[in-house]
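Before any comments, here is the structure.
Values reported hereafter were calculated over all heavy atoms of this structure, with side chains retained and with hydrogens, waters and symmetry mates removed. Start at 1 and go down the list; that is how both ligands and their atoms are numbered.
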Amino acid sequence: MIEIPVELGARRYAVSIGHGVCGLLPEILSSFRGRRIVVVSNSRVWSLHGPRVEKPLRALGPLSRALVPDGERHKSRETLNALHDAFLDARLSRDGLVVAFGGGVVGDLAGFAAATYMRGLDWIVVPTTLLAMVDSAVGGKVGINHPRAKNLIGAFHQPGAVVADPALLATLPPRELRSGVYEVLKCGVLGDRALFKALQRAPQGLAGWERIDTENAIASACRIKAEVVEKDEREGGLRRVLNLGHTLGHALEAVTRYRRFTHGEAVGWGLVGAGWISRRRGLLSESAFDAVAGAVDHLGPRPRVSDLSPERILKAVGHDKKARGGRLTFVLPTGVGRVVVRDDVQPAEIERALEVMAAREALLG
Ligand code: NAD
Ligand code: GLY
């Protein structure tokens, strides 16, 4: 088992990573023994993997289950209300424990329900998607969507532990797995050359990735995220570097109403776009740009971008800017493992990046 500490003083916790670690939940969570527990999941994850956690969690304390409907559109006030009802029905008091068992949707919902019930309950995360293992489970951002904006209502509420068992990923559809790998690649470009190289060497589409390689990749990505969160827990500045690839990625998701791309696929395109803007500014060498874009392509196919209107994408980038207090920040790679943050990227640069992305799509066929 690999342990990555997230050093946040009194709120420090560890990410425990390893095949089969779900079976070790009683040991890993021994400090929570005796607590009344509500495990939050959805019926898909629970029917596939519920038995892996139910018995180990029952060894810790009395257990109730709250299943939420599957899908991003259920990261809503209605589901939050239902979770608070379930906590009341289970007679959770301030010393209760919430366990999130699912992907990022379940984690964001369960964490926010825990943050807002009785002014904050302890919670732990057992992520079941790669994206949740390397991103959403770590760092304490929790929340729900507002009908008019994604992730608008939320809080920072750090979990007490994260337990990542890659054995759970065996049932994940390949596209969902790849979605997480783009976030891992982002971490490599952000600050870990060895991780980047490992992904360049990974089998194409990650078919048959060795156990140890998966565990090491998850651990490396979590280490990068932990280092950033330790320095800037509440996103005063530095934490924005985690948005590498996301400025264009969010815009691609928004103009296609979140239906065409998985989040990771949009981030993959966003990495190519940000890399190009950096290249054009002379911040990134041609060979480093080729390496970054080549690594994105190596992970597998992504839905097309060439038919999307650049005007609509620019408008969506503008909305992102408004949502972030009027500052459009672009994280630009300056090498593999290094980035800078810039707030002066011009629409013409974005348009050119979109052309380059479309040309790349044509090249890939
Ligand atoms: P998701 O939670 O919707 O899971 C994707 C699909 O996979 C779902 O249908 C789910 O039921 C299914 N699934 C989950 N585990 C499975 C398994 N082991 N086997 C088979 N199917 C499984 O999506 P996601 O990509 O995990 O998370 C996306 C969400 O995370 C978004 O809401 C996003 O806003 C949020 N997010 C939050 C943060 C943060 O810091 N809090 C960071 C990134 C993303
Ligand atoms: N996913 C970005 C962050 O946690 O800050």
ask   = Does a sphere of radius 6.0 Å around CZ in Arg119 hold more than 12 heavy atoms from other residues, nucleotides or ligands, not counting ones at 6.0 Å or beyond?
value = no
request  = Applying side-chain hydrogen bond (donor to acceptor under 3.5 Å, both in side chains), name anything that partners Asp70, two or more places apart in sequence or on another chain.
outcome  = Asn42
ask   = Any chance NZ of Lys197 has more than 12 other-residue heavy atoms, nucleotides or ligands included, within less than 6.0 Å?
value = no
key: Backbone N/O of Ala59 and side chain of Arg33: donor-acceptor pair under 3.5 Å   = yes
task = Tell me who clusters with Phe101, hydrophobic residues only, linked when side chains sit under 4.5 Å apart either directly or through other members.
result = Met1, Val21, Leu24, Leu25, Ile28, Leu29, Phe32, Ile37, Val39, Val45, Trp46, Val53, Leu57, Leu60, Leu63, Leu67, Leu97, Val99, Ile124, Val126, Val163, Leu168
message = I'd like the contact residues of ligand 2, where contact means a heavy atom below 4.0 Å.
response = Asp135, Lys141, Lys225, Glu235, Arg239, Leu242
inquiry  = More than 12 heavy atoms of other residues, nucleotides or ligands under 6.0 Å from CZ of Arg175: yes or no?
reply    = yes
Contact residues of ligand 1 (heavy atom under 4.0 Å), by chain and number = Asn42, Arg44, Val45, Leu48, His49, Asp70, Glu72, Lys75, Gly103, Gly104, Val105, Asp108, Thr128, Thr129, Leu131, Asp135, Ser136, Lys141, Lys150, Asn151, Leu168, Thr171, Leu172, Glu176, Lys225
request  = Look up atom CZ in Arg304 and atom OG1 in Thr256, then write down how far apart they are to the nearest 0.5 Å.
outcome  = 13.0 Å
inquiry  = Within the supplied structure, the quantity of interest is the number of heavy atoms (other residues, nucleotides, ligands) at a distance under 6.0 Å from Arg312 CZ; does it exceed 12?
reply    = no
inquiry  = I'd like to know if the side chain of Gln158 pairs up with that of Tyr13 as donor and acceptor (distance under 3.5 Å, no hydrogens or angles considered).
reply    = yes
